[in-house]
There are 2 protein chains.
Amino acid sequence: MPSESDAPTDRATGPGSRGPYPKGVRRRQEILDRTIEVFADVGFEGASLRAVGEAIGVSHAALRRYFDTREELFLEVLREKDRQAMAEARGRDHDDHDDGSDVLGLARSLDAYASQVPGLMALRHSMVARALEAGNEHSRAFFLERYAALRGEVLSTLTLARAAGVVRDDLPLEAAATLVIATLDGLSTQWLLDPGLDIRPSMVLLEQLLTPPQPHVG
Amino acid sequence: MPSESDAPTDRATGPGSRGPYPKGVRRRQEILDRTIEVFADVGFEGASLRAVGEAIGVSHAALRRYFDTREELFLEVLREKDRQAMAEARGRDHDDHDDGSDVLGLARSLDAYASQVPGLMALRHSMVARALEAGNEHSRAFFLERYAALRGEVLSTLTLARAAGVVRDDLPLEAAATLVIATLDGLSTQWLLDPGLDIRPSMVLLEQLLTPPQPHVG
DNA sequence: GTCTATACAGGGATAGAC
DNA sequence: GTCTATCCCTGTATAGAC
């Protein structure tokens, strides 16, 4: 993922036989950033190629020099957001975090969700919905890969947590990882629909269910 | 929800000052049924008003005598599907069901999900995504109400289950209801993306986490 | 290499004829 | 109640300016 490298990506720039194309890459990144802003403002449906182009000061046709299709552009936005989220997560790991009720970091994961502008959470939902439709193999492949990677990450987190004794040792961890991701997805859906809904109790409950029964310490 | 009654719904038929309009209601239902079939075939994105109209043998403009907007039509499809699912659930309750590992009926709930044509599961996903966008208050209100009703149903199921001793008695049931729905939603998403993914272990795990620890009966 | 201009097919919404 | 014709929007595609 060359986000600040000069190496040309699949297309994006150049005839494919000359070296790096710093200007084209920079332009592409600029388009990406502006697109994210437009999303935050007008959401997925309102973010037409023409609307994005206008916000950047460019015709909609120009966008297709950098992204083959609208779908591609939006997938790239999600990739960018994933990168940013991972960077933030790494930053958070260096902070203190031990309030006793968030042993697995689930609450923090959902905060990471929520820190994204609502429009961008809705974007992810819309893109998954499109990926489910027939004929969107590109999007489907993206999310297949993304969820597989997510399951891997959560699985390793759970494995470490079990070694530390904060996860019950009678759980099938693969199934638990899939379950955790599913629950976070589903909770975020309900919360997006009704921001007044307090989903933290459900998250805390999930954590409690996964952690070993306390021999009444209190 | 007058599904077989002759009472006129909000709009749908007639000048609004005469009695019931059986013919208009029947036509409306016919449109609904045909729409469902089209969905199953071509999915949400492919089911344009023109495509639906063509399948029925009318112009797309005619559809709007019965449904104000495309959104309305699709919401009505979901309502119809909910009605059918509830009818089927009632039917299943009269059957024998005790394989010992599905105490709460979660597996059956997801089977009910899966029994719907994939295209229709994707439809639900797409409609939720649209409801999340700004300016779709109608869809949003529909899903707000639907999820509230779902939480109520699951809550009463859990309450009964707890009374029967198959649910731990130290759980906040409201949080548990929200969590169960979220998990089922999220699991169905992952399964739709990758039908090869076996999500049953995760469902079984959720049930085991909710049920009281067995004092090693086996 | 980058972008504008333009055209095309298709979408939902709508007005008015019958 | 249903049609046709129309409007404005969309994503996509291509031609050609510079």
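For clarity, every value in this text was computed on a predicted model and none was experimentally measured. Every chain is numbered from 1, with letters handed out A, B, ... down the list of sequences.
- At the heavy-atom level, A/Ala62 lies under 4.0 Å from base atoms of the strands shown.
- Ring geometry, A/Phe74 versus A/Phe39: the interplanar angle exceeds 60°, so the pair is classed perpendicular (tilted spans 30 to 60°).
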Which parts of nucleotides 6-18 of chain D does protein reach within less than 4.0 Å, heavy atoms only, written one letter per nucleotide 5' to 3' as B for base, S for sugar-phosphate only and - for none?
B---SBBB-----
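- Under the 30°/60° scheme for interplanar angles, the aromatic rings of A/His125 and B/His125 are found to lie parallel.
- With rounding to the nearest 0.5 Å, the separation of CG in B/Leu210 from OG1 in B/Thr183 is 8.5 Å.
- Each of B/Arg27, B/Arg26, B/Arg28 was checked for a salt bridge (Lys or Arg N to Asp or Glu O under 4.0 Å) with B/Glu30, and the lone residue meeting it is B/Arg27.
- Checked for salt-bridge contact, B/Arg124 and B/Asp185 miss the test: no charged N lies under 4.0 Å from a carboxylate O.
- Taking side-chain N and O atoms only, A/Ser59 has no distance below 4.0 Å to OP1 or OP2 of C/dC3.
- When the side-chain nitrogen and oxygen atoms of B/Tyr66 are compared with OP1 and OP2 of D/dG1, none of them lie within a distance under 4.0 Å.
- Residue pairs meeting the salt bridge (Lys or Arg N to Asp or Glu O under 4.0 Å) criterion with at least one partner in residues 36-54 of chain A, sequence neighbours excluded, are A/Arg34-A/Glu37, A/Glu45-B/Arg130.
- Taking a cutoff of 4.0 Å between a charged side-chain nitrogen and a carboxylate oxygen, B/Glu76 and B/Arg83 qualify as a salt bridge.
- Scanning all heavy atoms of the two residues, the minimum distance from B/Ala182 to A/Gln190 falls at N-NE2, 3.5 Å.
- The stretch residues 125-138 of chain B has no heavy atom under 4.0 angstrom from DNA chain C at all.
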